[in-house]
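Here the structure comes first, spelled out in structure tokens, and everything after it is commentary.
In what follows, chains carry the letters A, B, and so on, assigned in the order in which the sequence lines appear, proteins first and then strands, with residues in each chain numbered from 1.
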4 protein chains.
Amino acid sequence: MWGVTATTPDAAPVDQERKAPGRPRSPRADEAIIEAVLDLLTEGNPAESISIESVAARAGVGKATIYRRWSNKEALLVDAVASVKGEPPRIKGESVRDDLVALLRPIAVPAHSRAAKIMPCLWSEIHRSPELHRCVQKISEPRRELMREVLRRGIGSGELRADLDLDLVLVMLMGPLISQTMTGWNPNLDRATLPERLVDMLWPAIARP
Amino acid sequence: MWGVTATTPDAAPVDQERKAPGRPRSPRADEAIIEAVLDLLTEGNPAESISIESVAARAGVGKATIYRRWSNKEALLVDAVASVKGEPPRIKGESVRDDLVALLRPIAVPAHSRAAKIMPCLWSEIHRSPELHRCVQKISEPRRELMREVLRRGIGSGELRADLDLDLVLVMLMGPLISQTMTGWNPNLDRATLPERLVDMLWPAIARP
Amino acid sequence: MWGVTATTPDAAPVDQERKAPGRPRSPRADEAIIEAVLDLLTEGNPAESISIESVAARAGVGKATIYRRWSNKEALLVDAVASVKGEPPRIKGESVRDDLVALLRPIAVPAHSRAAKIMPCLWSEIHRSPELHRCVQKISEPRRELMREVLRRGIGSGELRADLDLDLVLVMLMGPLISQTMTGWNPNLDRATLPERLVDMLWPAIARP
Amino acid sequence: MWGVTATTPDAAPVDQERKAPGRPRSPRADEAIIEAVLDLLTEGNPAESISIESVAARAGVGKATIYRRWSNKEALLVDAVASVKGEPPRIKGESVRDDLVALLRPIAVPAHSRAAKIMPCLWSEIHRSPELHRCVQKISEPRRELMREVLRRGIGSGELRADLDLDLVLVMLMGPLISQTMTGWNPNLDRATLPERLVDMLWPAIARP
DNA sequence: CGTTAATCGAGACGGTACGTCCTGTCTTCGG
DNA sequence: CCGAAGACAGGACGTACCGTCTCGATTAACG
């Protein structure tokens, strides 16, 4: 799973699996480095304040050991983030509305998992790095797909309008939460209840007339 | 207009705008500094590559003259950008829907001005300091207030429901655009038409039944 | 007494004494500036650590007020030092040996006067500045002349050899004390008793055989 | 020979000169830095005008590489000077008087070497820090010890009095020369002949009666 | 079992930029 | 015109990281 962007020419196809000569890379170092990045992020350090040197020190590892695996800070961040991806929340599958709310709530109240604590630290870097951006997209895609399925189920059951643009609905539900997370919460809007208010507000627009 | 985040304790005491003692700050320096930042940005330098030193050199100004006005690079960048973002778009005041779309469009399609090239570079920096965040809020507040006024007008005219939570509506309209700008545009959603689709989609939820 | 090196074109000869137009320079500022320099030196700050800014702040004076009077730090230091010159010690005039010891002791034990505390701070600057050097020479000249007179008295009374090179004797008496002050005291040599040990040691070389 | 005042904790623990971990410091950098300082000094730049930055540029070295070795400018200057002062002069060992004169002369007439141009610039800096002072002491100690040995030899051979305080004699011989070097030469005293005049003058006081 | 070769922690390398401080000049106001 | 206050361009300071490099010491598989 490591090495998504790593420098290693581990492109040894499949067939021959020639073992590289010399001392093999230590998997303990891999772990320690990723773990150090994640620790630093979880402690609330903004992504751009994380220096390779601090990661090396925290991981008890030489700088070269990092640069041997990742060509720069961005690549390291990408792999570190890729390694967390908490599982998407369980949904009950009974009510479309409740399922949507259940899927939205973790975005608004990101208190529980480590992934949740890390995500906000990354917004800063996403714009600098298309790579990181794709990575974050990939991580969040399962959740989005889950929402699409819930919507399709609602359409299938006749609860929702059949002509919905799923992506549009998605962005109308998640966008407000994401923007609030990034630009700071409007004090007039309660984090905890915003997901259900969003769904309820949008309901007349998506429900079958 | 400069100095939104500037360090100056421009605490006009109470009474009469007492003139500060000593030599006043040179407006020429203000201009030269902002202009230098803007030049560097429009030349294609990525925002994070812009150093205070390069700005000082370009502006023909001492570093201290910059630090006297802005406490760090982000503050300077923000003010530079703020100086370039035109005033909120004129609205016709005829149709609530058209006014909303007109106010939203520049967020989705910031294409023309110099600000367009610059703004995206700044999301990166927003999360660092609460101060910077407040600054950005302040800059965008006029546009939000304008939208609130449009909504209030619609309520007054009976076009919209009277029990709307204006902030909630605001976040449902702007959030999707902002999040798309920040996290990258979903290729299934057209930037140009998204504003009107958002308004139209939300219309059944906010229009008087 | 001020203005030994000052910039002022106070070379208005004598005859005409045309009063300068405008507000006359405040003598209070003169005093405050010199006093500030002296304070800073007395507090043990080495001469090279004294900045014009610190002097201005301490004196409650604008920097320009200093530069109007002295062209640079060196000139200011020179005048400050020139203003102190404690009077040379009283000598009894009974014994040549005792008089020499009395004149040497303040060099070795510079505890009393302000001048004594300031002098060591200046060694640093003396080499940079011929001007300051001349100034210090002038200040210490009376003491040296006094010693020469004591020696001449001894020669006249037949107590000392007639063929003495007074300057050589002087440098053999003062040199060791000055060098100890500058390069740090050899712990094997007691500051308090060194003057008399020097004189006694040298006595066979200068006394009439 | 480098690093007399260097920052390195070359605390060889106890036993065996354990090699420090990590890449060893480059001797080429040491040389280049010292050489750059010496070049700048010999080109006539006054000592206080030499900046770490100019040294780094001239040596083709990063500033950190300098600060890793010396904690400040004076320490660097001292080591640079120390590297250039030749070993103490060879003494013939025949006559005590001639040996003393031979050892004193380089203090009075430091004319030939590069050291000659440099040393006077350093008195300025000596008073700043005790550390620097100790360093200078250490550098000059060999010469002083050599003089003590000459004096002991004279005592052993019966040429000199047995009850001499060697430190006192030392300071009486070197002090006048040092003070003349530092405070400027009395025009009545010839630099070239002062050493022998000092020894001859003091001779009756130190020779066995 | 020794050789070979890439790894490891450690830290020095040449650089770039930081944010602070001071210099000597200038520009404002009020006395 | 002088006073204080303080902004101005310039430049050095000492620090922090960057990404590269060089050490001696491991740590495998190959021969």
Side-chain angles (χ1 to χ4, degrees), chain A residues 18-26 28-29 32 49-57 59-73, chain B residues 8 18-26 28-29 49-57 59-69 71-73, chain C residues 20-26 28-29 49-54 56-57 59-73, chain D residues 8 18-26 28-29 32 48-57 59-69 71-73:
Chain A
R18 286 284 285 104
K19 188 59 182 297
R23 176 174 174 176
R25 292 196 182 159
S26 153
R28 293 177 41 90
S49 84
I50 292 182
S51 64
I52 295 281
E53 302 220 320
S54 65
V55 173
V61 138
K63 283 201 294 176
T65 303
I66 297 180
Y67 280 110
R68 211 172 282 125
R69 290 163 165 76
W70 294 276
S71 58
N72 49 47
K73 187 159 68 177
Chain B
T8 325
R18 289 280 291 105
K19 185 66 180 297
R23 177 175 173 175
R25 297 201 179 154
S26 154
R28 293 177 43 92
S49 84
I50 291 182
S51 64
I52 295 279
E53 305 216 320
S54 63
V55 173
V61 139
K63 282 202 291 177
T65 302
I66 298 181
Y67 282 110
R68 211 172 281 126
R69 292 164 164 75
S71 56
N72 49 51
K73 187 158 63 180
Chain C
R23 176 172 173 177
R25 291 193 183 163
S26 153
R28 293 178 41 89
S49 83
I50 292 182
S51 64
I52 294 281
E53 302 221 319
S54 64
V61 139
K63 285 202 293 175
T65 303
I66 297 181
Y67 280 109
R68 210 171 281 126
R69 291 162 164 76
W70 295 274
S71 58
N72 50 45
K73 188 159 65 177
Chain D
T8 327
R18 289 280 293 102
K19 184 68 183 296
R23 176 175 175 176
R25 297 201 180 152
S26 154
R28 292 175 46 90
E48 76 266 12
S49 84
I50 291 183
S51 65
I52 294 280
E53 305 216 320
S54 64
V55 173
V61 139
K63 281 201 293 176
T65 301
I66 298 182
Y67 281 110
R68 214 172 278 125
R69 291 162 163 75
S71 57
N72 50 51
K73 189 159 62 178

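- When each of A29(B) and G62(C) is assigned the nucleotide of DNA chain F bearing its nearest heavy atom, the one mapping closer to the 5' terminus is G62(C).
- Side-chain nitrogen and oxygen atoms of R28(C) include none within less than 4.0 Å of the OP1 or OP2 phosphate oxygen of dA4(F).
- In this structure, the separation between CG on N72(C) and OH on Y67(C) is 8.0 Å, given to the nearest 0.5 Å.
- OP1 and OP2 of dT7(E) both lie 4.0 Å or more from every side-chain N or O belonging to S26(A).
- Distances shown here put a side-chain N or O of T65(A) below 4.0 Å from the OP1 or OP2 atom of dG9(E).
- Residues that satisfy the side-chain hydrogen bond (donor to acceptor under 3.5 Å, both in side chains) test with S26(C), not counting sequence neighbours, are absent from this structure.
- Nearest-nucleotide positions on DNA chain E for G60(A) and A59(D) put G60(A) closer to the 5' end.
- By the side-chain hydrogen bond (donor to acceptor under 3.5 Å, both in side chains) test, K63(B) pairs with E53(B), sequence neighbours left out.
- Residues satisfying the side-chain hydrogen bond (donor to acceptor under 3.5 Å, both in side chains) test with S51(A), not counting sequence neighbours, are S54(A).
- Residue R25(A) contributes atom CZ, which lies 16 Å from atom P of dA29(F) at whole-angstrom precision.
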- [ ] Produce a footprint string for nucleotides 18-23 of chain F: one letter per nucleotide, 5' end first; B if the base is under 4.0 Å from any protein heavy atom, S if only the sugar-phosphate is, - if neither.
- [x] BBBBBB
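- To the nearest 0.5 angstrom, K73(B) atom NZ is 8.0 Å from I50(B) atom CD1.
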